[in-house]
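The chains referred to below are lettered A, B, ... by the order of the sequence lines, with proteins before strands, and numbering in each begins at 1.
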Amino acid sequence: MFRRKRQYIVLQESILPEEQRALEIAIRRILAPVDPPERFVAELERSLLAEMERLLLRTLPLSLRRVAVGGALLGGLAAWFLWHRYRAEAPPLAPAVAENVPPVIAMAH
Amino acid sequence: MTQEELELIARAKHDPEAFGQLYRRYVKRIYNYHYHHTGNVADAEDLTSRTFYRALRHIGRYQPRGEGTFQAWLFRIAHNLVVNWYRDHQPQRHIALESVEPLSSPLPAPYDRIIRAEEYARLRRALESLPEDRKTLIILKFVERMTNAEIAAVMGKTEGAIKALYHRTLISLRKAMAEEGESHVQT
């Protein structure tokens with residue numbers, strides 16, 4: 001006859017509390033915090049802020065952009081109109097020499 | 001999340017100065033997270049930059065509700081980038097932990113006796129060989145000192161799943177250390 005070999009199945013492995021604590025302390029010491037290089041931190045901050053400024057400008061609401069464009073157009077038109085009106089109303093510039101006195105006669109006197 | 005941080009986040013959506021404050025508050029932690037995963041400064045800097053650029057582009061849509069604290073939101077971005085990094089760098093995966101030598105010991109005496117110097121080296125190698133999700137859990141727990149609930153929010157799992165994963169991770173670390181110890185004795 002033969003002898004049946006006994007087999008045991010491990011249902012769940014466990015870890016002793018002291019063993020767990022020792023492992024945790026060791027892991028904490030191995031994974032010590034590291035400081036990022038200061039130059040990197042400063043440069044990244046600068047480029048992020050520049051990118052944010054750019055994004056904010058690009059994502060201005062459409063209505064706000066319409067108002068800005070409309071305002072610029074109206075302002076331009078108003079300036080053009082005022083300039084033309086000023087030119088039409090302004091008296092012609094006085095000539096340097098009187099028009100009705102010929103220069104030769106004036107010299108004879 | 002404090003009221004002050006909520007206000008800062010609300011301002012950071014349209015105010016570069018407020019975003020700068022948030023950046024300064026989290027940059028070291030995000031860098032550490034990436035550094036302990038990648039093991040080198042260049043990759044850690046690259047992933048940190050990409051994390052904050054992504055945060056900048058999406059902060060307008062961030063809504064602080066439920067489990068979605070800003071910390072969890074930011075670390076989720078970092079986590080997604082790390083997962084991609086592992087996919088792209090599978091063959092050269094390594095972790096640079098050699099710089100941290102356990103010379104001056106702040107440990108209480110009994111634990112010093114349990115984890116000896118040569119065992120630190122074994123533990124380092126065991127940590128190196130952990131799969132990405134287990135390493136993320138270990139880094140968030142021991143470097144970031146997050147609670148299981150916070151880790152669950154970052155990793156998109158339940159708190160119970162995190163507890164179970166942590167238990168399995170510790171057992172696998174112990175097993176890896178023991179196996180390496182045995183192979184040293186045999187050789």
Rounded at 0.5 Å granularity, tell me how far [atom1] in [X] sits from [atom2] in [Y].
| X | Y | atom1 | atom2 | result |
| --- | --- | --- | --- | --- |
| A:Leu55 | B:Ile59 | CG | CD1 | 12.0 Å |
| A:Leu31 | B:Arg124 | CG | CZ | 10.0 Å |
| A:Gln20 | B:Leu173 | CD | CG | 11.0 Å |
| B:Phe19 | A:Leu49 | CZ | CG | 8.0 Å |
| B:His14 | A:Leu56 | NE2 | CG | 9.0 Å |

Are any non-hydrogen side-chain atoms of [X] and [Y] less than 4.5 angstrom apart?
| X | Y | value |
| --- | --- | --- |
| A:Leu23 | B:Leu123 | yes |
| A:Pro37 | B:Tyr31 | yes |
| A:Phe40 | B:Val41 | no |
| A:Val34 | B:His36 | yes |
| A:Asp35 | B:Tyr35 | no |

Inset, instruction - Count the heavy-atom pairs under 4.5 Å between each of B:Val143, B:Val27, B:Leu170 and chain A, then report the option with the highest count. - result: B:Leu170

Inset, instruction - Tell me, out of B:Lys175, B:Glu144, B:Arg24, who's got the most heavy-atom pairs with chain A below 4.5 Å. - result: B:Arg24

Inset, instruction - Check whether B:Ala55 gets within reach of chain A through its side chain, its backbone, both or neither, counting any heavy atom under 4.5 Å. - result: neither

Inset, instruction - Check whether B:Tyr166 gets within reach of chain A through its side chain, its backbone, both or neither, counting any heavy atom under 4.5 Å. - result: side chain

If you compare all heavy atoms of [X] against all heavy atoms of [Y], which two are closest, and at what distance to 0.1 Å?
| X | Y | answer |
| --- | --- | --- |
| A:Pro36 | B:Lys28 | CD-CG, 3.7 Å |
| B:Ala12 | A:Met52 | O-CE, 2.8 Å |
| B:Tyr23 | A:Val41 | OH-O, 2.7 Å |

Legend entry - CA sep, side-chain torsions, deciding dist, call: B:Arg145, A:Arg28, side chain to side chain contact (heavy atoms under 4.5 Å, CB included): CA-CA 10 Å; B:Arg145 312 279 173 118; A:Arg28 198 162 281 140; 3.2 Å; yes

Legend entry - Cluster check B:Val83, B:Leu74: I/L/V/M/F/W/Y, side chain < 4.5 angstrom: no

